[in-house]
A.B. asks: 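Take this structure first; my questions come after.
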Protein chains: 2
Amino acid sequence: MTDPISRTKTRAAPRKAVQPPAPPPRPALTTASALYLREDEIRRGIELLYFGYSSMIREVDAILEQEGFGRAHHRALYFIARSPGLAVGDLLRLLAITKQSLGRVLGELQDRGLVQQSIGTQDRRQRLLSLTPAGAALEASLFAELEARMASAYGEAGQAAVTGFWSVLIGLIAKADRPMVDSLGQS
Amino acid sequence: MTDPISRTKTRAAPRKAVQPPAPPPRPALTTASALYLREDEIRRGIELLYFGYSSMIREVDAILEQEGFGRAHHRALYFIARSPGLAVGDLLRLLAITKQSLGRVLGELQDRGLVQQSIGTQDRRQRLLSLTPAGAALEASLFAELEARMASAYGEAGQAAVTGFWSVLIGLIAKADRPMVDSLGQS
DNA sequence: GATATTGGGTCAGTCATGTTGACATATCTT
DNA sequence: AAGATATGTCAACATGACTGACCCAATATC
């Protein structure tokens, strides 16, 4: 029993502590230094995106928990608020989840009287989603939190920074998906 | 049974389709128009952040799935790669999850031979985390995907935009958390 | 007009990742 | 010596994803 790696043992077997690893082999400052600089810039972007998103959503999570909802409910509320009359299929494409997953969330929102459906006018198979007054009120309170954070960040950074912020994010989105995102504004 | 709202019924009761909602009451173009403009800018930021993050992570998810891992494993790998010798407690603070959640993830990574621990030099209670060569290889392949996306977005947007991108994201992070994020670079 | 496709809904089971709460052990601090 | 800290572990549970298999109604196609 020299190297207890397996996790299948019934009673816990502590994982071995090894020798401290050799320090990472930092290259001499030659032609490679530009590449290292670039890697750091990339990593910084990844990290800021991760922590920025987490921070923005944190307070919203707290409100949602009080209401007995989760982020999934919020995303549905958000996009329905953004594009009233959205069809179920369009919402599915935006969220990129399965019909079954969305079905549960949407069902709960309808049963709580926050979301309602109407029958499509051109295509009667469609179900067009909209918020009830209660749904609009909840969405507004959630949006207010996001807005406060975002407006403060915009203000700190300035208008030019906001433009840059947008354009980098657009660049991250696959070209095929960009029309979908762009069309959210004007409905 | 006019309004089958309850979800407690055994057999499905279809939710009612209501009258199409009145069109949203857009205000006349008075003093409020500046506010509406601002709301749209805020919503655009929220959406781009959501879709940008999703898009960036998408291909990484595919690789992880092949390996039988999830995003949680990736986050651990990422931060250990970023700050070799990171203590468990520091990783917990970065991820903002519970010890038990991290324990499972870290255990799996160790059992698969991707992560190893060593005993802290100043404080022998600490367990310092580092990647094995296999772990470093997997992390590198995941990073390569993120890097490709991010570098392309940086390139499309230009250096000035990248600076703006960073500064808005920093603004989103609570001031108390900023030192933690900043310290990732120089370890 | 018959048939195929599409939009939406539902049941059932599974998985990944988070949570509380309670304890155990080794090490550091006072 | 006593208490605080860093880490690990067991157990039970919640959420929100997933796959797969069906169903109905309405539209499109041949």
Side-chain angles (χ1 to χ4, degrees), chain A residues 4 7 9-17 54 57-58 61-62 64-65 67-77 85-93 95-111 115-129, chain B residues 4 7 9-17 54 57-58 61-62 64-76 85-93 95-111 115-129:
Chain A
R7 286 208 115 209
K9 312 205 65 156
T10 311
R11 205 64 180 82
R15 273 172 289 268
K16 190 159 104 183
S54 303
I57 218 70
R58 189 152 307 159
D61 281 343
L64 287 168
E65 197 182 359
E67 301 283 332
F69 290 131
R71 282 191 193 179
H73 303 89
H74 181 211
R75 287 195 286 268
L77 281 177
L86 192 69
V88 169
D90 292 331
L91 183 52
L92 276 174
R93 254 158 264 137
L95 297 175
I97 61 176
T98 59
K99 185 170 55 165
Q100 294 91 323
S101 291
L102 180 57
R104 192 186 331 111
V105 167
L106 227 38
E108 287 165 9
L109 291 172
Q110 288 177 254
D111 290 348
V115 164
Q116 57 187 1
Q117 295 185 331
S118 62
I119 291 177
T121 48
Q122 290 134 32
D123 185 338
R124 291 174 46 82
R125 291 171 301 183
Q126 289 186 325
R127 296 294 175 268
L128 308 183
L129 300 164
Chain B
R7 286 209 113 207
K9 311 204 64 157
T10 312
R11 204 63 182 78
R15 273 171 288 267
K16 190 158 102 183
S54 302
I57 219 71
R58 188 151 308 158
D61 281 343
L64 287 168
E65 197 183 359
Q66 289 176 347
E67 301 284 331
F69 290 130
R71 283 191 194 180
H73 302 91
H74 181 211
R75 287 195 286 267
L86 192 69
V88 169
D90 292 333
L91 183 53
L92 275 175
R93 255 159 264 137
L95 297 175
I97 60 177
T98 58
K99 185 172 54 164
Q100 294 90 324
S101 290
L102 179 58
R104 192 181 331 108
V105 167
L106 226 39
E108 287 165 10
L109 290 172
Q110 287 177 253
D111 290 347
V115 164
Q116 59 187 1
Q117 294 185 331
S118 62
I119 291 177
T121 47
Q122 290 132 32
D123 185 337
R124 289 175 48 83
R125 291 170 301 180
Q126 289 186 326
R127 295 296 174 268
L128 308 183
L129 300 164

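Lettering follows sequence order; numbering is per chain, from 1.
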A.B. asks: Excluding sequence neighbours, so at least two apart, what forms side-chain contact (heavy atoms from CB on, under 4.5 Å) with Leu128(A)?
C.D. replies: Ala87(A), Ser118(A), Gln126(A)
A.B. asks: If an axis is fit to five pairs at each end of the helix from dG1(C)-dC30(D) to dT30(C)-dA1(D), what is the angle between the two, to the nearest 10°?
C.D. replies: 30°
A.B. asks: Whole angstroms only, please: what is the CZ-C1' distance between Arg71(B) and dC18(D)?
C.D. replies: 14 Å
A.B. asks: Who passes side-chain contact (heavy atoms from CB on, under 4.5 Å) against Gln116(B), sequence neighbours left out?
C.D. replies: Val18(A), Pro21(A), Ser130(B), Thr132(B)
A.B. asks: Restricting to nitrogen or oxygen on both sides, can you table the protein-nucleotides 23-30 of chain D pairs closer than 3.5 Å?
C.D. replies:
residue	atom	partner	partner atom	Å
dT27(D)	OP1	Arg124(A)	N	3.1

A.B. asks: Please enumerate all residues that pass side chain to side chain donor-acceptor pair (under 3.5 Å) together with His74(A), with sequence neighbours excluded.
C.D. replies: none
A.B. asks: Quick check for you: among dC18(D), dT7(D), dG16(D), whose closest atom lies nearest to any side-chain atom of Val88(B)?
C.D. replies: dT7(D)
A.B. asks: State whether Thr98(B) places a side-chain N or O below 4.0 Å from either non-bridging phosphate oxygen (OP1 or OP2) of dG18(C).
C.D. replies: no
A.B. asks: Using whole Å, what does the distance between atom C1' of nucleotide dT9(D) and atom CG of Leu106(B) come to?
C.D. replies: 14 Å
A.B. asks: Between P on dT15(D) and NE2 on His73(A), what's the gap in Å once rounded to a whole number?
C.D. replies: 9 Å
A.B. asks: In whole angstrom, what separates Asp61(B)'s CG from dA16(C)'s C1'?
C.D. replies: 12 Å
A.B. asks: What is the distance from CG of Leu102(A) to P of dG7(C), rounded to the nearest Å?
C.D. replies: 15 Å
A.B. asks: Starting at CG of Leu109(B) and ending at P of dA16(C), how long is that distance when rounded to a whole Å?
C.D. replies: 14 Å
A.B. asks: Just distance, no hydrogens or angles: give the donor-acceptor pairs under 3.5 Å from side chains in residues 96-103 of chain A, sequence neighbours left out.
C.D. replies:
residue	atom	partner	partner atom	Å
Thr98(A)	OG1	Ser101(A)	N	3.3
Thr98(A)	OG1	Ser101(A)	OG	3.2

A.B. asks: Determine the contact category for Gln117(A): base if any of its heavy atoms lies under 4.0 Å from a base atom, sugar-phosphate if only primed atoms, P, OP1 or OP2 are that close, otherwise nothing.
C.D. replies: sugar-phosphate
A.B. asks: With the side chain of Ala72(A) defined as its heavy atoms from C-beta on, choose the nearest nucleotide among dA17(D), dC11(C), dG8(C).
C.D. replies: dA17(D)
A.B. asks: Using heavy-atom distances to pick each residue's nearest nucleotide on DNA chain D, tell me which of Val105(A) and Leu92(B) is more 5'.
C.D. replies: Leu92(B)
A.B. asks: I would like to know whether Glu65(A) and Asp61(A) meet side chain to side chain contact (heavy atoms under 4.5 Å, CB included); could you show each step before the answer?
C.D. replies: CA-CA 6 Å; Glu65(A) 197 182 359; Asp61(A) 281 343; over 6 Å; no
A.B. asks: From CZ of Arg104(A) over to P of dA12(C), roughly how many Å is that when rounded to an integer?
C.D. replies: 14 Å
A.B. asks: Mind calculating the distance between CD (Glu65(A)) and P (dT15(D)) to the nearest angstrom?
C.D. replies: 10 Å
A.B. asks: Side chain of Gln126(A) only, heavy atoms from C-beta on: which candidate in dG18(C), dG7(C), dT7(D) is closest?
C.D. replies: dG7(C)
A.B. asks: At less than 4.0 Å, is any side-chain N or O atom of Ser101(A) found next to OP1 or OP2 of dG16(D)? Yes or no.
C.D. replies: no
A.B. asks: Under the rule for side-chain contact (heavy atoms from CB on, under 4.5 Å), what residues qualify as partners of Arg124(A), not counting sequence neighbours?
C.D. replies: Ile119(A)
